[in-house]
Amino acid sequence: MIRKPIILLTGGAGYIGSHTYVALTEAQFQPLILDDFSNSNPVVLDRLERITGQAVPCHRGSVLNTELVAELLKVHAIEAVVHFAGFKAVGESVAQPLKYFDNNLGGMISLLKAMENAACHTLVFSSSATVYGDPATVPITEDFPRSHTNPYGHTKLVCEDMIAAVCQANAAWRAGVLRYFNPVGAHPSGLIGEDPNGPPNNLMPYVSQVAVGKRPFLHVFGNDYPTPDGTGVRDYIHVQDLAQAHVAALQALLLGDNGFTVNIGTGQGYSVLDVVSAFEQASGKPVPYQLAPRRPGDVARCYADPALARHLLSWSANHTLLSMCEDTWRWQSNNPEGYRLLE
Ligand code: UFG
């Protein structure tokens, strides 16, 4: 029997990690989850087992524990790591920067040390369009200048630089940096999805909680942007497409690609009001909203030029905004309390 390549997913129980787990399993990889469940719920493991029909290997622990990670890499002869583990709330990072520096930068350093120690040199990293700051124009290509407007964004930028430095120092490294735009949606089974703690910071989970009746209305942050309807424009990408991008990145690296930094988006921008009307169509529920002031730090328009990922990885997104909303709605309406088990 041919041995499936074993891939360590740090933060593999989280929103993007769990969807990538399924995609990797279907692509004949053997993913292994490392998660401390600080921002995820162990119930996701049961759901993954139901979707894949197989036991879900998972180790509870922190990526900050370098010895533990090195041990896992060696014992399981892991071929590559996908590093999802990290905090991602912009506002929280402004209030608690050290929490972000400690976890996101400390986690990256710990992981790189463990990988070097175990001679595992193949890495895919979850970066973000946040590294483009306030882009001068759209669509955004990978050679745009990088900047940061909050500690969370700063950690993504510094992690990219740390990866570049280790690749420079040792030619054995192969790293794929994926700059995600706005991940939304859920697995079509409705069994896994995004499960924010408390009021969602992001648009799609907030809209879905309004549609399901958990929140009375959406605040639309600003309607005086220089966009067609005045509301912010973003590149929403279905998490299923995003999961496939990780499969494509790993396949390229394991076939010998030296490494790349690519945008992972659709190339299509939609406004807040576009999302509201698509969600109403998908759910059949009204999504009332009220206009509110701009949210500090928001940019008017942010969408990708995804040509480089198509060229290098033969990957492109193919889900529509309507299917992103339909899958989000299936997850939300089947699991109104997310993974929290109802008494
Ligand atoms: N918005 C609202 N009401 C809400 C939430 C969001 O009107 O309740 C608007 C925002 O103003 C923005 C759009 O919806 O115009 C999208 O906002 P999100 O918070 O969903 O996404 P962002 O583009 O602000 O943030 C995302 C990621 C961050 C990342 C950033 C830049 O969540 O991690 O993209 O890449 F830093």
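Whatever order the structure lists them in is the order used to number ligands and atoms, beginning at 1.
Both tests pass for K99 against the ring of F87: distance under 6.0 Å to the centre and angle within 45° of the axis. Annotation: cation-pi geometry satisfied between R215 and Y206 (NZ/CZ under 6.0 angstrom from ring centroid, within 45° of ring axis).
Residue-ligand proximity: F217 is placed with every non-hydrogen atom at 4.0 Å or more from ligand 1. In this structure, Y180 has no heavy atom closer than 4.0 Å to ligand 1. Assignment of S128 to the shell around ligand 1 is supported, since a heavy atom sits closer than 4.0 Å.
For the pair Y206 and ligand 1, the shortest N or O to N or O distance does not fall below 3.5 Å. Ligand 1 has no nitrogen or oxygen under 3.5 angstrom from a nitrogen or oxygen of V272.
Close approach of ligand 1 to H219 (heavy-atom distance below 4.0 Å) involves ligand atoms 2 (C), 3 (N), 4 (C), 7 (O), 8 (O). Close contacts of ligand 1 with V220, meaning ligand atoms under 4.0 Å from a residue heavy atom, involve 7 (O). Of all the atoms in ligand 1, the ones that sit under 4.0 Å from a non-hydrogen atom of L218 are 3 (N), 4 (C), 8 (O). For ligand 1, the atoms closer than 4.0 angstrom to any heavy atom of N201 are 5 (C), 19 (O).
A donor-acceptor pair under 3.5 Å is absent between the side-chain atoms of R301 and the main chain of G232, judged by distance alone.
Within the 4.0 Å heavy-atom criterion, neither part of T231 lies near ligand 1. Residue contacts with ligand 1 for Y152 involve side-chain atoms from C-beta outward but no N, CA, C or O (heavy atoms, distance under 4.0 Å). Only the side chain of Y236 comes within 4.0 Å of ligand 1, judged by heavy-atom distances. Residue-level proximity to ligand 1 for D298 is carried by the side chain, the only part with a heavy atom below 4.0 angstrom.
Between K88 and E194 there is a salt bridge, since a side-chain N of the basic residue sits under 4.0 Å from a carboxylate O of the acidic one. With salt bridges taken as basic N to acidic carboxylate O contacts below 4.0 Å, one links R330 and D327. Ion pair E79/R3 flagged as a salt bridge, since at least one NZ, NE, NH1 or NH2 atom sits closer than 4.0 Å to an Asp/Glu carboxylate oxygen. In this structure, D274 does not pair ionically with R234, as no charged nitrogen and carboxylate oxygen lie closer than 4.0 Å.
T141 is not listed as a side-chain neighbour of Y132, based on a closest heavy-atom distance of 4.5 Å or more.
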